[in-house]
Protein chains: 2
Amino acid sequence: MDKCRQNIVVLEPSKIIYEGIYASISKSEYNYSFYHVDSLIELETILIKKDITIVLINPSLIQNKIKEFIKIQKQYSKIRWIGIIYSLFDNSTTKLFDNLFMLTDDVTRIAKIITKACSKISTLDKNDEQLSEREIIVLKHLAKGLSNKIIADKLNLSVHTINTHRKNIMDKTGIRSLAGLTIYAVSIGIISLD
Amino acid sequence: MDKCRQNIVVLEPSKIIYEGIYASISKSEYNYSFYHVDSLIELETILIKKDITIVLINPSLIQNKIKEFIKIQKQYSKIRWIGIIYSLFDNSTTKLFDNLFMLTDDVTRIAKIITKACSKISTLDKNDEQLSEREIIVLKHLAKGLSNKIIADKLNLSVHTINTHRKNIMDKTGIRSLAGLTIYAVSIGIISLD
DNA sequence: CAAATCATCACTAGTTTTAGTGATAAATAC
DNA sequence: GTATTTATCACTAAAACTAGTGATGATTTG
């Protein structure tokens with residue numbers, strides 16, 4: 001039964017989950033090619049190289065890059081964007097996707113969603129409080145427990161600059177404690193548990 | 001290098017994740033057999049039938065059945081219990097496990113955890129420098145971002161006491177930054193989203 | 001029972017962070 | 001082509017944390 005080849009990219013930090021999706025979906029009778037990436041940049045690279053039709057996305061990976069993501073969406077308007085939901089808590093960016101599935105969904109349902117992969121155009125919702133690139137870097141170091149001074153040394157900046165970034169991060173996120181920022185950093189996937 | 005066959009049960013609602021773990025781990029040179037179950041009852045059934053050595057568990061599936069779970073653990077004392085963590089906000093029954101991995105962890109790390117669990121009796125240094133009850137409470141508050149002073153107020157203690165606990169926690173864990181302690185707190189499951 | 005650990009409190013001195021305000025050049029956006 | 005955002009640097013005062021040392025009573029453990 002079969003159509004032209006479908007190229008599917010999975011943007012997802014967990015190799016386990018990628019492998020699981022691959023194993024589950026590629027069993028179907030359709031003709032899919034799978035690619036695994038774990039950053040927006042990698043995604044862009046592959047979008048240029050390959051003729052991708054479907055992108056499965058873990059929303060946490062675009063949490064701070066909504067603008068870039070929307071840009072990419074506009075640029076590749078034919079692509080269907082499908083969100084991979086870990087659990088019920090992450091409600092935030094779901095509006096950006098054409099469709100969603102949960103990891104706990106039945107495999108046949110997920111397969112159906114992917115094969116369908118049709119429907120509406122996504123609506124944009126701007127999050128004007130996203131962290132800048134520099135702020136992300138500083139946050140990463142903060143969450144590793146480095147002091148302002150050490151971060152300054154590492155980045156060849158003055159402590160004042162780090163201080164400013166730190167303040168801006170706190171203002172943007174509304175999180176006023178280092179502990180909270182650390183958890184935030186881990187939760188959006190910019191540092192790992194180790 | 002190859003030992004006897006290891007029978008691994010994965011207690012996990014998501015087929016995707018089971019498939020992912022299976023695909024990732026069964027590539028290693030060890031000799032594994034995998035079984036997928038998605039309820040405690042099914043787990044018990046298979047424990048009776050097969051000689052299981054390792055159980056990978058999604059903690060959410062035992063959340064309301066801790067007692068039953070502990071009973072099973074006692075009954076099958078040779079088994080290594082490994083938690084599968086979706087995100088940091090998962091509910092914290094994590095202390096029940098011999099080891100944990102996050103879905104976003106590197107596959108080689110996960111494989112290592114599992115192979116370790118096969119070979120060693122106890123991979124965890126649980127008893128080395130265990131925190132006291134009081135220290136756990138203080139750590140919990142610290143990881144929520146509360147200052148010494150506020151914690152002191154909450155617990156009706158002096159700031160000095162909190163300070164002492166804090167120092168002792170740092171000495172015991174060897175972690176000297178608040179960010180590190182926060183991650184530690186999350187990783188051992190003593191704080192959650194609230 | 002004796003030894004070890006725990007929970008509590010105290011003081012000091014030095015370091016770091018927080019919370020303001022303010023500024024400038026460069027890049028981006030509308 | 002102006003307005004906004006970003007990245008950078010600066011200063012200050014107050015608050016908080018770090019790293020020592022030391023002590024006492026209670027509880028647990030062998």
Atom-pair distance (NZ on A:Lys149; P on D:dA10), nearest Å: 15 Å
Check against side chain to side chain donor-acceptor pair (under 3.5 Å), B:Thr53 and B:Gln6: CA-CA 6 Å; B:Thr53 45; B:Gln6 299 284 343; 2.7 Å; yes
Side-chain N or O of B:Arg166 closer than 4.0 Å to phosphate OP1/OP2 of D:dT18: yes
Closest-nucleotide 5' rank along DNA chain C - winner of A:Leu146 and B:Glu133: B:Glu133
Shortest non-hydrogen contact between B:Glu44 and B:Ile72, atoms and distance: CG-CD1, 3.3 Å
Axis deviation across the helix from C:dC1-D:dG30 to C:dC30-D:dG1, five-pair ends, to the nearest 10°: 70°
Polar pair under 3.5 Å, donor/acceptor by atom type, side chain A:Thr164, base D:dC9: yes
Which residue lies more 5' along DNA chain C, comparing B:Asn163 with B:Ser132 via nearest heavy atoms: B:Ser132
Parallel, tilted or perpendicular, as decided by the 30° and 60° cut-offs, for the rings of A:Tyr18 and A:Tyr22: parallel
B:His160 vs C:dT8: side-chain N/O to OP1/OP2 distance below 4.0 Å: no
Contact under 4.0 Å: B:Asn148 side-chain N or O vs D:dC17 OP1/OP2: yes
N/O (side chain, B:Arg176) to phosphate O (OP1/OP2, D:dA19) under 4.0 Å: yes
Gap between atom NE2 of B:His36 and atom CD of B:Glu42 - 0.5 Å precision: 8.0 Å
Value in whole Å for how far the P atom of D:dA7 lies from CD1 of A:Ile151: 15 Å
Under-4.0 Å side-chain N/O to phosphate OP1/OP2 contact, A:Thr161 with D:dA7: no
Min side-chain heavy-atom separation A:Asp38-A:Glu12 under 4.5 Å: no
Interatomic distance, B:Asp153 CG vs D:dA16 P [rounded to whole Å]: 10 Å
Rounded distance (Å) that lies between atom C1' of C:dC9 and atom CG of B:Leu155: 15 Å
Separation of D:dT6 C1' from A:His165 NE2 (nearest whole Å): 8 Å
Neighbour count >12 (heavy atoms, 6.0 Å) for atom CD1, A:Ile41: no
Touch class at under 4.0 angstrom, heavy-atom based, for A:Leu157 against every strand present: sugar-phosphate
Point-to-point distance, once rounded to the nearest 0.5 Å, from CZ of B:Arg80 to CD1 of B:Ile54: 9.0 Å
B:Met170 CE - D:dA19 P separation (whole Å): 7 Å
D:dT6 OP1/OP2 closer than 4.0 Å to side-chain N/O of A:Lys167: no
